[in-house]
Amino acid sequence: MEKSDANAPRTAAPVPVVVRDQRVAGLPATAGIDPANFQESGVLLTMSAPRVRISDIAHHDGQTVSIAGWLYNIRRSGKICFPLLRDGSGIIQCVAVKANLPEELFEALKDLTQESSLIVTGKVRAEARAQGGFELDVESAEIIQRVSEADPYPITPKDHGIDFLMDHRHLWLRSKRQAAILRIRHEVIKSIRDYFDNQGFTLVDTPIFTPAACEGTTTLFEVNYFDEEKLYLTQSGQLYNEANAMALGKVYCFGPTFRAEKSKTRRHLTEFWMVEPEMAYADLEDVKALAEGLVVYCVGRVLENRKAELEVLERDVKKLESVTAPFPRMSYDDAVKVLQGKGSDITWGGDFGNTDETLLTQDSDRPILVDRYPSEIKAFYFQPDAENDKLALGVDVIAPEGYGEIIGGGQRIHDPELLLRRLKEHDLPPEAFNWYMDLRKYGTVPHGGFGMGVERFVAWMCGTEHIRECIAYPRMLYRTRP
RNA sequence: UCCUCGGUAGCUCAACGGUAGAGCAUUCGGCUGUUAACCGAAGGGUUGUAGGUUCGAAUCCUACCCGGGGAGCCA
């Protein structure tokens, strides 16, 4: 919301405290001010001070500025109070001294309740005692809404249980920690896009409504499409990606995906975001290099641009600083042997559980690339290894610290006859894949790509216990609200 | 779906067969440098629901509801 308007009239004298809506605020409006005026003029509001954000406060030392935000917390003594103002970009401690302020303003500030909305004007001052290094000496304030004490803001600065916090997710996002996670998520998403864009990839988004499964139907959410047809929410854009790669060479899709898995763990959501690149004229080694490069780039960007957020989260950044290329590479065969040596009861042909993934990476300070899985445990479209056709040219990237598989992908089958045979082996109806078979009919080439789960990646960056904190409104097995 | 843990004040928890309690939040009072401020006082409860055992149940038993953690599957 823009406040400044050079052409609008100014008030003769500063207004110490203004209440926009007295019905809501429960406080008397300042005499002589008609609340109806200010929505129109916009200038009565906060005098002439420029509006700044807390994240920029260091550039305004010594200046009088206005900050529009919410009361994060307040500490008060008899004649001095310290409102902590939150504006979405950070938190700043304001200082209101009774002796220096009109009685009305001081009392209004002192009695303010948590998460009341207000615009504070005052002088920025470097202050060693304050977190963030700056304070705001209050000169005037406009209270937009005072939260009623009869129904106070439910999330206090003290402890809360996860059930309560999840029920209040729409408010929980206002906490320092959740804001930090969302900013890191933003950095991760932006860095993913930059990584691909800088290498000539084109973003081509794939449909959310899809007519059939990519990899079996048990984990699909069914949707009634105008009474006549059953459609499913996508669980991967990969098949469409392959078509797009044949058109544009290097592509990626980036959007929500849906899995109706009845998983109830700290690593699962039913709705999560996934980025999926796909390259024409590419083999497994190209896919591995792309995946490794992506991870290194995104970790670097988070470290470079989100130091403050990592600090809020008390993330051990050494664990991220060690994430440099090259990542250790290992075949599935060797991984099974390593796991057996560490006491896992895994046998050849089985997929890794989470305990196996944690075991495998426990001595590594960076992710591990595991490739050449048994074809039986992989989807129908994986290209078999030329040296052993029981192996699929798939690769998983397993993050350290127990964060598990963050990337899965590989090289796709380009031979039409082999692909058809695999469809039949997997009991998939070939007629549903006619368009997909076309890609092998009209100029087929080796190609490959992968998918990376954004929330799992963000959880790893942030060091969160559970990925539910890494998306604003998580959708899980037993939680779909708010 | 299976295994496992839990549901007591607005919130976090205590009481574990014998009168339901504390901290925070809220209200009132005090405090000019507080850092989840502190000090004093007050209000606040059909112990998830329904049955059962018992002289007596938050506590023991049964069923159901809701949630946490994990397994399988996956990103």
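Since this is a predicted model, take the numbers as computed values, not measurements. So you know, we letter chains A, B, ... as the sequences are listed, proteins then strands, and number each from 1.
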Undergrad: What integer number of Å spans the C1' atoms of B/rC61 and B/rA22?
TA: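 Taking atom C1' in both B/rC61 and B/rA22, they lie 31 Å apart.
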Undergrad: Any side-chain N or O of A/Arg468 under 4.0 Å from OP1/OP2 of B/rG69?
TA: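 Checking B/rG69 against A/Arg468, a side-chain N or O does come within under 4.0 Å of OP1 or OP2.
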Undergrad: Output yes when at least one side-chain N/O atom of A/His466 is less than 4.0 Å from OP1 or OP2 of B/rG69, else no.
TA: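 A/His466 to B/rG69 OP1/OP2: side-chain N or O found under 4.0 Å.
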Undergrad: Return whichever of A/Ile74 or A/Lys110 has its heavy-atom-nearest nucleotide of RNA chain B closer to the 5' end.
TA: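 Looking at the nearest nucleotide for each, A/Lys110 comes out on the 5' side.
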Undergrad: Can you tell me the Watson-Crick or wobble partner of B/rC64, both distances under 3.5 angstrom?
TA: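 Pair assignment: B/rC64 / B/rG48.
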Undergrad: Compare all side-chain heavy atoms of A/Asn73 with those of A/Phe82 and state whether any distance is below 4.5 angstrom.
TA: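 A side-chain contact is absent here, since even the closest heavy-atom pair is not under 4.5 Å.
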Undergrad: Once you round it to whole Å, what is the distance between C1' of B/rG68 and CD of A/Glu469?
TA: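 After rounding, the reported distance stands at 14 Å.
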Undergrad: For B/rG48 and B/rG29, measure between their P atoms and round to the nearest Å.
TA: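 Their P atoms lie roughly 37 Å apart.
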Undergrad: Where do N or O atoms of nucleotides 6-12 of chain B meet protein N or O atoms at under 3.5 Å, pair by pair?
TA:
unit_1 : atom_1 : unit_2   : atom_2 : d
B/rC11 : O2'    : A/Asp159 : O      : 3.1
B/rC11 : O2'    : A/His160 : ND1    : 2.5
B/rU12 : OP1    : A/Gly161 : N      : 2.9

Undergrad: Have a look at A/Asp396 and say if it touches a base, only the backbone sugar-phosphate, or nothing, with a 4.0 Å heavy-atom cut-off.
TA: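 Nothing, no nucleic acid heavy atom in range.
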Undergrad: For A/Met274, which contact category applies under a 4.0 Å heavy-atom criterion: base, sugar-phosphate, or nothing?
TA: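 Sugar-phosphate, no base atom in range.
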Undergrad: From the set B/rC74, B/rU27, B/rG68, return the single nucleotide nearest to any side-chain atom of A/Tyr478.
TA: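 Per side-chain heavy atoms of A/Tyr478, the pick is B/rG68.
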Undergrad: Counting any heavy atom closer than 4.0 Å, what does A/Ala99 reach on the DNA or RNA strands: base, sugar-phosphate only, or nothing?
TA: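 The residue A/Ala99 makes base contact.
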Undergrad: Among B/rC74, B/rU26, B/rU34, which is the nearest nucleotide to the side chain of A/Glu149?
TA: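 Among B/rC74, B/rU26, B/rU34, the one nearest the side chain of A/Glu149 is B/rU26.
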Undergrad: Identify which nucleotide among B/rG33, B/rA75, B/rU26 has an atom closest to any side-chain atom of A/His268, counting heavy atoms from C-beta outward.
TA: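 Of the options given, the side chain of A/His268 lies nearest B/rA75.
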Undergrad: Regarding A/Asn73, tell me which of base, sugar-phosphate or nothing describes its non-hydrogen contacts under 4.0 Å with the strands shown.
TA: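 If one applies the 4.0 Å heavy-atom cut-off, A/Asn73 turns out to touch the sugar-phosphate alone, with no base involved.
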Undergrad: A/Asp345 has an atom CG; how far is it from atom P of B/rA71, in whole Å?
TA: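 Rounding to the nearest Å, CG of A/Asp345 and P of B/rA71 are 13 Å apart.
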Undergrad: Go through B/rA71, B/rA75, B/rU34 for me and flag the one nearest to the A/Arg75 side chain.
TA: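 Side chain of A/Arg75 sits closest to B/rU34.
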Undergrad: I'd like the C1' distance from B/rA57 over to B/rC3, given in whole Å.
TA: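 Pairwise C1' distance, B/rC3 against B/rA57, rounds to 29 Å.
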Undergrad: OP1 or OP2 of B/rG68 less than 4.0 angstrom from a side-chain nitrogen or oxygen of A/Arg479, does that happen here?
TA: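 Yes, A/Arg479 has a side-chain N/O under 4.0 Å of OP1/OP2 on B/rG68.
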Undergrad: Say you pick atom P in B/rG72 and the same atom in B/rU53; how far apart are they, in whole Å?
TA: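 It comes out at 44 Å once rounded to the nearest Å.
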Undergrad: Under a 3.5 Å limit for both distances, which nucleotide forms a Watson-Crick or G-U wobble pair with B/rA22, could you say?
TA: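 B/rU12 is the nucleotide pairing with B/rA22.
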Undergrad: Assign the ring pair A/Trp460 / A/Phe457 to parallel, tilted or perpendicular, where the plane angle (0 to 90°) is split at 30° and 60°.
TA: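 Judged by the thresholds at 30° and 60°, the geometry between A/Trp460 and A/Phe457 is perpendicular.
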Undergrad: Is it true that A/Asp316 and A/Lys319 have a side-chain N and a carboxylate O under 4.0 angstrom from each other?
TA: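 Yes.
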Undergrad: Flag the pair A/Glu405 and A/Arg456 as a salt bridge only when some basic side-chain nitrogen lies within less than 4.0 angstrom of an acidic carboxylate oxygen.
TA: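 No, A/Glu405 and A/Arg456 are not salt-bridged.
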Undergrad: Going by heavy atoms closer than 4.0 Å, what residues in residues 77-88 of chain A are next to RNA chain B?
TA: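 Within residues 77-88 of chain A, the residues near RNA chain B are A/Ser77, A/Gly78, A/Lys79, A/Ile80, A/Phe82.
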Undergrad: Quick check: any donor-acceptor pair below 3.5 Å linking the side-chain of A/Ser263 to the base of B/rC73?
TA: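 Answer yes: a donor N or O sits under 3.5 Å from an acceptor.
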Undergrad: To the nearest angstrom, how far is A/Ile377 atom CD1 from B/rC74 atom P?
TA: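 It is 8 Å, rounded to the nearest whole Å.
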Undergrad: Could you say whether A/Leu269 or A/Met476 is positioned toward the 5' end of RNA chain B, judged by the nucleotide with the nearest heavy atom to each?
TA: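 So the residue in question is A/Met476.
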Undergrad: Look at A/Arg125 together with A/Asp137 and state whether they make a salt bridge at an N to O cut-off of under 4.0 Å.
TA: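 Looking at A/Asp137 together with A/Arg125, the answer is yes, because their closest N to O distance falls below 4.0 Å.
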Undergrad: Which is true for A/Ile155 with a 4.0 Å heavy-atom rule: it touches a base, it touches only sugar-phosphate, or it touches nothing?
TA: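 No contact.
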Undergrad: Looking at A/Arg481, does any N or O in its side chain come under 4.0 Å of the phosphate oxygens OP1/OP2 on B/rG67?
TA: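 No, A/Arg481 has no side-chain N/O under 4.0 Å of OP1/OP2 on B/rG67.
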Undergrad: Can we say A/Glu271 and A/Arg259 salt-bridge, meaning some charged N sits less than 4.0 Å from an Asp/Glu carboxylate O?
TA: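 Judged by the 4.0 Å cut-off on N to carboxylate O distance, A/Glu271 and A/Arg259 do not form a salt bridge.
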Undergrad: Can you find a pair of side-chain heavy atoms, one from A/Gln411 and one from A/His447, that are under 4.5 Å apart?
TA: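 Counting from C-beta outward, A/Gln411 and A/His447 never come under 4.5 Å.
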Undergrad: Under 4.0 Å, heavy atoms only, any strand: does A/Gln93 hit a base, just the sugar-phosphate, or nothing?
TA: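 Result for A/Gln93 = base.
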Undergrad: Please determine, for the side chain of A/Glu135, which listed nucleotide (B/rU1, B/rU27, B/rG33) has the closest atom?
TA: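 Comparing B/rU1, B/rU27, B/rG33 against the side chain of A/Glu135, the answer is B/rG33.
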Undergrad: Between B/rG18 and B/rA58, how far apart are the P atoms? Round to whole Å, please.
TA: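 The same atom, P, in both gives a distance of 10 Å.
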Undergrad: Using a strict heavy-atom distance below 4.0 Å, which residues from residues 170-191 of chain A are in contact with RNA chain B?
TA: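 Of all residues in residues 170-191 of chain A, none places a heavy atom under 4.0 Å from RNA chain B.
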Undergrad: Are A/Asp396 and A/Lys378 within salt-bridge range, i.e. N to O under 4.0 Å?
TA: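 Between A/Lys378 and A/Asp396 there is a salt bridge, with a charged N closer than 4.0 Å to a carboxylate O.
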Undergrad: Expressed as a whole number of Å, how far does the P atom of B/rC65 sit from that of B/rU49?
TA: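 So the two P atoms sit 15 Å from each other.
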Undergrad: Does B/rG40 have a Watson-Crick or wobble partner in any strand here, with both distances under 3.5 angstrom, and which is it?
TA: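 Pairing partner, where one exists within any strand: B/rC28.
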Undergrad: Compare the minimum distances between each of B/rG69, B/rG33, B/rC73 and the side chain of A/Lys264, then state the nucleotide with the smallest one.
TA: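 Looking only at heavy atoms from C-beta outward on A/Lys264, the closest nucleotide is B/rG69.
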Undergrad: With rounding to whole Å, what would you report as the distance between B/rC2 and B/rC73 at their C1' atoms?
TA: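 It comes out at 14 Å once rounded to the nearest Å.
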Undergrad: Between C1' on B/rC74 and CZ on A/Phe258, what's the gap in Å once rounded to a whole number?
TA: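 After rounding, the gap between these two atoms is 16 Å.
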Undergrad: Considering only side-chain heavy atoms of A/Leu477, which listed nucleotide, B/rU1, B/rA75, B/rG33, is closest?
TA: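 For the A/Leu477 side chain, the nearest candidate turns out to be B/rU1.
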Undergrad: Using a 4.5 Å cut-off on heavy atoms from C-beta on, say whether the side chain of A/Asp197 contacts that of A/Thr202.
TA: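 When only atoms from C-beta onward are counted, A/Asp197 and A/Thr202 do not touch, as no gap falls below 4.5 Å.
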Undergrad: Between A/Arg479 and A/Asp167, does a salt bridge (charged side-chain N to carboxylate O under 4.0 Å, His left out) hold up when you go through it step by step?
TA: CA-CA 9 Å; A/Arg479 206 175 270 283; A/Asp167 284 343; 2.8 Å; yes
Undergrad: Test side-chain contact (heavy atoms from CB on, under 4.5 Å) on A/Phe450 and A/Glu278 and set out the steps.
TA: CA-CA 7 Å; A/Phe450 61 82; A/Glu278 191 75 25; over 6 Å; no
Undergrad: A/Arg146 vs A/Glu115, test: salt bridge (charged side-chain N to carboxylate O under 4.0 Å, His left out). Steps then yes/no.
TA: CA-CA 8 Å; A/Arg146 179 171 181 277; A/Glu115 287 300 319; over 6 Å; no
Undergrad: Which base sits across from B/rU1 as a Watson-Crick or G-U pair, both distances under 3.5 Å?
TA: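 With both distances under 3.5 Å, B/rU1 matches B/rA71.
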Undergrad: For the P atoms, the ones on B/rA50 and on B/rC66, what distance do you get once it is rounded to whole angstrom?
TA: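 Taking atom P in both B/rA50 and B/rC66, they lie 16 Å apart.
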Undergrad: Considering only side-chain heavy atoms of A/Val97, which listed nucleotide, B/rA71, B/rU32, B/rC74, is closest?
TA: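 When the side chain of A/Val97 is considered, B/rU32 is the closest of B/rA71, B/rU32, B/rC74.
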Undergrad: Before you tell me yes or no, could you show the steps for A/Asp87 and A/Ser89 under side-chain hydrogen bond (donor to acceptor under 3.5 Å, both in side chains), namely the whole-Å CA-CA distance, both residues' side-chain angles and the distance that decides it to 0.1 Å?
TA: CA-CA 6 Å; A/Asp87 79 341; A/Ser89 79; 2.8 Å; yes
Undergrad: For A/Glu455, run the salt bridge (Lys or Arg N to Asp or Glu O under 4.0 Å) check against A/Arg468, A/Arg185, A/Arg475 and tell me which one passes.
TA: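 Filter result, single survivor: A/Arg185.
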Undergrad: Evaluate the side-chain proximity of A/Ile346 to A/Phe352: yes if any heavy-atom separation is below 4.5 Å, no if none is.
TA: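 Counting from C-beta outward, A/Phe352 and A/Ile346 do come under 4.5 Å.
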